[in-house]
There are 2 protein chains.
Amino acid sequence: MREKAIQRLTEYGFRPSLQRIAIVEYLFTHSTHPVVDTIFNELSSSIPTLSKTTVYNTLKMLAEKGAILQLNIENNVTRYDGDIKPHAHFKCNQCGKIIDLEIQGEMKNLSIKEIEKYKIFEQYYIIKGLCPFCQEK
Amino acid sequence: MREKAIQRLTEYGFRPSLQRIAIVEYLFTHSTHPVVDTIFNELSSSIPTLSKTTVYNTLKMLAEKGAILQLNIENNVTRYDGDIKPHAHFKCNQCGKIIDLEIQGEMKNLSIKEIEKYKIFEQYYIIKGLCPFCQEK
DNA sequence: TCTTTTTTTGTAATGATTACAATTTTGTTT
DNA sequence: AAACAAAATTGTAATCATTACAAAAAAAGA
């Protein structure tokens with residue numbers, strides 16, 4: 001997993017520093033759409049000098065170039081995802097849980113007018129509503 | 001447009017108060033994905049007693065029930081959209097502009113596994129990258 | 001009209017994110 | 001290797017959108 005993290009970093013033109021590798025590796029091993037605070041807390045034990053600013057900056061930087069996905073599902077927290085294949089996220093308005101929904105077939109088949117003129121770094125689909133469990137109040 | 005706003009409100013079980021009508025009507029007449037501040041400022045002249053909290057609360061409430069769309073494209077501002085047909089938004093990482101991208105064909109054709117178990121209130125597609133203009137640096 | 005409920009309002013607090021300058025680390029050149 | 005330059009990291013302080021809360025106003029019901 002560490003190797004994969006290094007590969008992702010270099011592939012997108014980032015130097016694979018200790019901190020960056022740890023952050024990307026964390027995303028690869030936790031498909032939980034973690035927030036900055038969680039990532040920071042989890043990594044602090046292995047990298048005691050780690051600064052939260054570094055986590056913020058690194059994630060932002062990586063997302064801007066498309067090396068990871070920045071998910072703005074709620075309006076108060078930013079979540080991150082190491083899986084950059086286009087996919088969908090369901091947010092339950094009741095219990096707040098965020099569920100990955102698998103998309104069958106190619107999401108790229110969405111025929112968007114003149115999409116070839118745009119250079120795409122990130123893309124994702126957001127669905128909000130009530131999850132099966134919360135529907136039975 | 002005022003009538004359409006009232007209709008949208010009652011349709012989703014909200015009482016059509018002066019403030020609510022104005023807010024929804026603003027969204028209907030401005031497909032610019034406005035932020036709370038803009039809406040508040042624009043409406044203040046016609047409703048001098050309007051409170052920003054009302055704008056916040058109203059928009060949040062309406063979005064939670066699917067009467068309008070809450071767009072969390074950037075991680076620092078929430079935008080709103082009166083158009084609740086599923087559609088896509090492109091955010092240019094360079095110039096920051098948000099562009100509506102028309103989707104041809106039914107977005108609902110996205111075959112998501114077990115989607116019928118979920119009750120959907122809001123859904124939208126987000127694409128980030130470089131717009132045609134910014135690509136020529 | 002009186003009472004109850006709903007909506008709106010204003011201020012104060014919260015908390016995630018960023019700005020910034022200093023420090024450390026890494027890479028390069030002589 | 002030492003010295004220098006560039007890049008990355010760190011910590012603190014500031015910013016600012018959003019929410020909490022309680023009071024006031026408006027609307028609905030009796």
Side-chain angles (χ1 to χ4, degrees), chain A residues 5-6 8-10 12-26 33-65 67-68 70-80 91 93 96 98 128, chain B residues 5-6 9-10 12-26 33-65 67-68 70-80 91 93 96 98:
Chain A
I6 295 176
R8 174 74 60 92
L9 284 165
T10 49
Y12 282 83
F14 295 102
R15 291 221 289 238
S17 72
L18 182 74
Q19 292 86 342
R20 288 174 183 173
I21 294 170
I23 290 169
V24 174
E25 193 180 359
Y26 184 89
H33 322 99
V35 299
V36 167
D37 241 65
T38 308
I39 300 174
F40 171 73
N41 289 330
E42 299 276 314
L43 295 181
S44 278
S45 46
S46 54
I47 310 175
T49 63
L50 184 65
S51 162
K52 200 178 278 187
T53 302
T54 301
V55 182
Y56 270 109
N57 291 342
T58 303
L59 290 168
K60 189 182 182 183
M61 224 178 41
L62 295 176
E64 268 170 6
K65 295 297 181 213
I68 60 173
Q70 184 185 71
L71 298 173
N72 298 111
I73 301 174
E74 296 127 308
N75 63 3
N76 49 344
V77 237
T78 304
R79 297 178 174 279
Y80 291 92
K91 153 92 189 288
N93 283 350
I98 290 165
K128 298 185 190 178
Chain B
I6 294 176
L9 284 165
T10 50
Y12 281 83
F14 295 102
R15 291 223 286 241
S17 73
L18 181 76
Q19 291 85 344
R20 289 174 183 171
I21 295 171
I23 290 169
V24 173
E25 192 179 1
Y26 183 89
H33 320 101
V35 300
V36 167
D37 241 65
T38 308
I39 300 174
F40 172 73
N41 288 331
E42 299 275 315
L43 295 181
S44 277
S45 45
S46 53
I47 310 176
T49 63
L50 185 65
S51 163
K52 200 179 277 187
T53 302
T54 300
V55 182
Y56 269 108
N57 291 342
T58 302
L59 291 167
K60 189 182 181 182
M61 223 177 43
L62 295 176
E64 267 169 8
K65 296 297 180 214
I68 60 173
Q70 184 185 68
L71 298 173
N72 299 111
I73 301 174
E74 296 128 307
N75 62 4
N76 48 345
V77 237
T78 304
R79 297 179 174 279
Y80 290 92
K91 154 90 190 289
N93 283 350
I98 290 165

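Residue numbers begin at 1 in each chain, while the letters A, B, ... track the order of the sequences.
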**Report entry** Whole-Å gap separating C1' (dT17(C)) and CD (E74(A))
**Finding:** 16 Å
Query raised in the report: Per the end-axis method with five pairs at each terminus, what is the bend angle of the helix from dT1(C)-dA30(D) to dT30(C)-dA1(D), to 10°?
Result: 30°
Query raised in the report: For R79(B), which residues count as a salt bridge (charged side-chain N to carboxylate O under 4.0 Å, His left out) partner, sequence neighbours excluded?
Result: E74(B)
Query raised in the report: Is there a side-chain polar atom (N or O) of S51(B) under 4.0 Å from OP1 or OP2 of dT8(C)?
Result: no
Report task. Any chance you could measure L71(B), atom CG, to K91(B), atom NZ, to the nearest 0.5 Å? Result -> 12.5 Å
Query raised in the report: Within less than 4.0 Å of OP1 or OP2 of dT17(C), is there a side-chain N or O belonging to T78(A)?
Result: yes
Query raised in the report: What's the spacing between K52(A) NZ and D37(A) CG if we round to 0.5 Å?
Result: 3.5 Å
Report task. Can you tell me the distance, in whole Å, between the CG atom of N75(B) and the C1' atom of dA16(C)? Result -> 9 Å
Query - Euclidean distance, T54(A) OG1 relative to L43(A) CG, rounded to 0.5 Å - result: 11.0 Å
Report task. Would you kindly give the CD-to-C1' distance between Q70(A) and dA16(C), to the nearest whole Å? Result -> 12 Å
Query raised in the report: How many Å lie between CG on L9(B) and C1' on dT6(C), as a whole number?
Result: 15 Å
**Report entry** Position toward the 5' end of DNA chain C (nearest nucleotide), L50(B) or K60(A)
**Finding:** L50(B)
Query raised in the report: How many angstroms lie between CD1 in I23(B) and CZ in F40(B), if you round to the nearest 0.5 Å?
Result: 10.5 Å
Check the interface with nucleotides 20-26 of chain C: list each N/O to N/O pair with the protein under 3.5 Å, or write none.
none

Report summary line: From NZ of K52(A) across to P of dG15(C) the rounded distance in Å is 12 Å
Query raised in the report: Between dT17(C) atom P and I39(A) atom CD1, what is the distance in whole Å?
Result: 11 Å
Report summary line: salt bridge (charged side-chain N to carboxylate O under 4.0 Å, His left out) filter on R8(A), not counting sequence neighbours, yields none
Query - Contact interval (first through last nucleotide) of DNA chain D with protein chain B, 4.0 Å heavy-atom - result: dA17(D) to dA28(D)
Requested in this report: Examine distances only and state if a side-chain atom of K128(A) and a backbone atom of I73(A) form a donor-acceptor pair shorter than 3.5 Å.
Outcome: yes
Query raised in the report: In Å and rounded to the nearest 0.5 Å, what is the CE to CZ distance from M61(A) to F14(A)?
Result: 4.5 Å
Report task. May I ask you to decide if V55(B)'s main-chain N or O and T58(B)'s side chain share a donor-acceptor pair within less than 3.5 Å? Result -> no
Query raised in the report: With E25(B), which residues qualify under side-chain hydrogen bond (donor to acceptor under 3.5 Å, both in side chains), at least two apart?
Result: none
**Report entry** M61(A) CE - dT17(C) C1' separation (whole Å)
**Finding:** 16 Å
Query raised in the report: Within the distance-only criterion (no hydrogens, no angle test), does the side chain of T10(B) pair as donor or acceptor with the backbone N or O of I6(B) below 3.5 angstrom?
Result: yes
